*Asks:* 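I'd like to ask you about the structure that follows.
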Amino acid sequence: MDRKNITNMEVKKKNRNRVFRYICKMGTVSNPDIAYGLKISLPTATQMTKELIEEGLVEEKGELQSTGGRRAKALSAVVNARLAIGLDITKNHITLVLTNIVGEILKYERICKPYISGDAYYQQINERLESFLDESGADRDKILGIGISFPGIIDLDKELVTYSHILGVEEIPFASVGRFFAYPCFFLNDANAGAYAEGIQNEEAERFFYLSLSNTVGGAVFSDNELMQGRNFRCGEVGHMTVVIDGERCYCGKKGCLDAYCAAWRLSEAADGKLEQFFRLLDQGDVRAVNIWDAYTNYLAIAVNNIHMVLDCDIVIGGYVGSCMGTHLHQLWDKVVDRNTFGEREPYVKVCNYKVAAAALGAALKVIETFVSQI
C-alpha cells in the first residue's frame, strides 16, 4: 500500500475519532452540528457517523427540533455499547467499578480484602469480580478489559510491577496477574490512575500535578491528555521528596521524605484510624486535631510550593486526604501563598473532583480511552 493511501486512511481514522468524541461530549447532535463544531465538511461528517452507526457505536434517536428547514436526525453515542472494569488494589481493600464508553460509573463496590501475594488472592478477586458483573447484569461480550491500579512502580516497557513497598512485592509480571482474568488487563500506578480520572474527561485540564495523599504519598503529571511517565516510570514520585534534612525516617529507609510527614495515617491515627472522623474533629475545633492539621499543612505547603516552582501548573490534592479535606483547603492555600516567590494570588491548588473510587475509575477510563483512540 502506497504512502498516499496510508495517509488517507490515517486522516479518515482521525476524523472518525474526532466525530465520535464530539458526539460523546455533546450528548445529542446532528451531522450539521458536527460539521460546524469540528470544522469539517457535511459529507465527511455524514460519512463518519454512518460508519459509526454501522459499528454500533452511534444511533439515530429521532429528529432535532427544526430551525426553519428540514429536521436533522438526532445522533447519540450508544453509551453502553462497550464497558470497562476498574480494579484498585490496596493493602487492605479492593475497589471495583464498571463504566460505560462515556465513563459513567454503572456499578461500584469497595470491600475489605487484605493483600496476600499468591495465586489464591487473585483467584478470589476474579470470583468476586465475576459476581460483581453478574449483579450488574453486564453483557460480558461488551467488556473491553480491566484496568488494574497498583500502589507501586509500573514499568510499561518491561510489563512489570517492579516494586510496591506497601504490598511488599517486587518484579511481578503483568501476565502473572492477568492470567486469572477473562479479559485483557491494563496496569497503572495508583496515583497515575487517580490523575487519569481527574484529567481525561476535563477539557480545561491542560496540565496539572495530582498529589495523592493516601497511606503513602504519590503523584502524577497529567499533560495534554496524557500521563507523563518518566525515563524509569517514576515521574511524580514526590513522596520521596526531601522536606526536612535528616528528618523522620521514611518507609523507604531515607530520612525527611514527604511521605514521612504527609501520609494520611498521620491524621487518621489521631481518630482511631478513621480519616473522616479526624476531619469531623477538625470541624469541631478539637485542639489536638487543629494542632496536628497545622503541622501537617506546614510540610504539605513546602511540597506544594516546590512542585509549583518546578512545573508552574495547577496542583490537585487527591487520595484519601484530598477526598476529605473540603473547606480546609484554604488553610493549606494560605501557607502556600506565604511561600510563593512570585506573589501569585490566583488559587492553583484544588481538591480532587473524584472523591470515591478515583483510582479504579481512572484505570477503567484508561481501558475506554485505549479503545476510543482506535475507533
Side-chain angles (χ1 to χ4, degrees), residues 87-95 110 112-117 148-155 161-170 172 187-198 209-221 227 229-230 232-244 247-271 273-276 278 292 295-297 299-300 302-304 306-307 315-325 332 351-352 354-360 362-363:
L87 167 63
D88 180 32
I89 294 174
T90 67
K91 184 178 181 180
N92 293 307
H93 297 85
I94 64 167
T95 300
R110 184 172 187 259
C112 181
K113 182 70 179 173
Y115 182 84
I116 300 174
S117 180
I148 302 178
S149 164
F150 257 95
I153 305 300
I154 306 296
D155 190 317
V161 180
T162 60
Y163 177 70
S164 172
H165 169 83
I166 198 72
L167 300 184
V169 296
E170 57 185 51
I172 301 177
F187 292 78
L188 288 85
N189 162 271
D190 56 344
N192 280 348
Y196 207 76
E198 203 69 28
F209 187 90
Y210 184 83
L211 180 54
S212 178
L213 303 174
S214 292
N215 286 330
T216 57
V217 175
V221 180
L227 292 163
Q229 298 288 355
N232 298 297
F233 297 95
R234 295 196 292 263
C235 184
E237 286 292 336
V238 294
H240 303 292
M241 169 196 296
T242 301
V243 291
V244 179
E248 293 194 34
R249 190 170 295 279
C250 177
Y251 70 78
C252 73
K254 306 298 183 183
K255 291 183 178 181
C257 294
L258 178 64
D259 200 295
Y261 295 90
C262 289
W265 61 264
R266 284 287 183 183
L267 305 177
S268 61
E269 70 175 1
K274 299 178 176 64
L275 190 62
E276 295 86 351
F278 173 84
I292 290 171
Y296 182 95
T297 50
Y299 296 115
L300 186 55
I302 293 171
V304 167
N306 289 346
I307 295 165
I315 297 170
V316 177
I317 309 296
Y320 300 157
V321 175
S323 299
C324 293
M325 68 191 300
L332 170 63
V351 293
C352 56
Y354 293 97
K355 296 175 172 53
V356 176

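When reading the values below, keep in mind they use all heavy atoms of this one structure, side chains included, and skip hydrogens, waters and symmetry mates. Keep in mind the model is a prediction, meaning the values are calculated, not measured.
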*Asks:* As an exercise, state the distance from OH of Tyr251 to OG1 of Thr216, rounded to the nearest 0.5 Å.
*Replies:* 5.0 Å
*Asks:* Taking all atoms of both residues into account, what is the closest heavy-atom pair of Leu300 and Leu211, and its distance?
*Replies:* CD1-CD2, 3.7 Å
*Asks:* How about NZ on Lys355, more than 12 heavy atoms from neighbouring residues, nucleotides or ligands closer than 6.0 Å, or not?
*Replies:*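 Enclosed.
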*Asks:* At what distance, to the nearest 0.5 angstrom, does CG of Leu267 lie from CD of Glu276?
*Replies:*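 Reported to 0.5 Å precision, the distance equals 11.5 Å.
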*Asks:* Could you tell me whether the side chain of Ser149 and the main chain of Ala360 form a donor-acceptor pair under 3.5 Å?
*Replies:* no
*Asks:* Taking all non-hydrogen atoms of both residues, which atom of Val243 and which atom of Tyr261 are closest, and how far apart?
*Replies:*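 What the structure gives for the nearest pair is CG2-CD1, 3.9 Å.
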*Asks:* Do Val356 and Ser323 touch side chain to side chain, with heavy atoms closer than 4.5 Å?
*Replies:* no
*Asks:* How far apart are the closest heavy atoms of Ser268 and Leu275, and which atoms are they?
*Replies:* CB-N, 3.8 Å
*Asks:* Distance check, rounded to the nearest 0.5 Å: Tyr115 atom OH versus Ile166 atom CD1?
*Replies:* 12.5 Å
*Asks:* Show your working on side chain to side chain contact (heavy atoms under 4.5 Å, CB included) between Val321 and Tyr296 and close with a plain yes or no.
*Replies:* CA-CA 11 Å; Val321 175; Tyr296 182 95; 3.5 Å; yes
*Asks:* Checking side chain to side chain contact (heavy atoms under 4.5 Å, CB included) for the pair Ile292/Phe278: CA distance, chi angles, key distance, verdict?
*Replies:* CA-CA 10 Å; Ile292 290 171; Phe278 173 84; 4.0 Å; yes
*Asks:* Minimum heavy-atom separation for Asn189 and Ile154, please, with both atom names.
*Replies:* N-CG1, 3.3 Å
*Asks:* Evaluate His165 against Cys252 for side chain to side chain contact (heavy atoms under 4.5 Å, CB included), listing each step before the verdict.
*Replies:* CA-CA 8 Å; His165 169 83; Cys252 73; over 6 Å; no
*Asks:* Suppose we screen for side chain to side chain donor-acceptor pair (under 3.5 Å). Which residues come up paired with Thr297, at least two apart in sequence or across chains?
*Replies:* Lys335
*Asks:* Using the rule side-chain contact (heavy atoms from CB on, under 4.5 Å), only one of Leu213, Val316, Ile317 pairs with Cys352; which is it?
*Replies:*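 It is Val316; the other options fail the test.
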*Asks:* Quick one: pull up CG in Asn306 and CE in Met241 and give me the separation to the nearest 0.5 Å.
*Replies:* 5.0 Å
*Asks:* Roughly how far, to the nearest 0.5 Å, is CG of Asn92 from NZ of Lys113?
*Replies:* 12.0 Å
*Asks:* Taking all heavy atoms of Tyr210 and all of Ala195, pick out the closest pair and write down the distance.
*Replies:*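 Smallest interatomic distance, heavy atoms only, reads CB-CB, 3.5 Å.
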*Asks:* Is there a side chain to side chain contact (heavy atoms under 4.5 Å, CB included) between Ile153 and Glu237? Walk through the geometry before answering.
*Replies:* CA-CA 9 Å; Ile153 305 300; Glu237 286 292 336; 3.6 Å; yes
*Asks:* Please give me the minimum heavy-atom distance between Tyr354 and Glu198, naming the atom from each residue.
*Replies:*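 The answer is N-OE1, 3.5 Å.
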*Asks:* Ignoring hydrogens and geometry, is there a side-chain-to-backbone donor-acceptor pair from Ser212 to Gly318 under 3.5 Å?
*Replies:* no
*Asks:* Which residues satisfy the side chain to side chain donor-acceptor pair (under 3.5 Å) test with Glu248, sequence neighbours excluded?
*Replies:*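 Side chain to side chain donor-acceptor pair (under 3.5 Å) check on Glu248 returns Arg266.
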*Asks:* Roughly how far, to the nearest 0.5 Å, is CG of Asp190 from CD1 of Ile148?
*Replies:*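 So the CD1 of Ile148 and the CG of Asp190 are separated by 13.5 Å.
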*Asks:* Could you tell me if the side chain of Phe209 sits less than 4.5 Å from the side chain of Val238, heavy atoms only?
*Replies:* yes
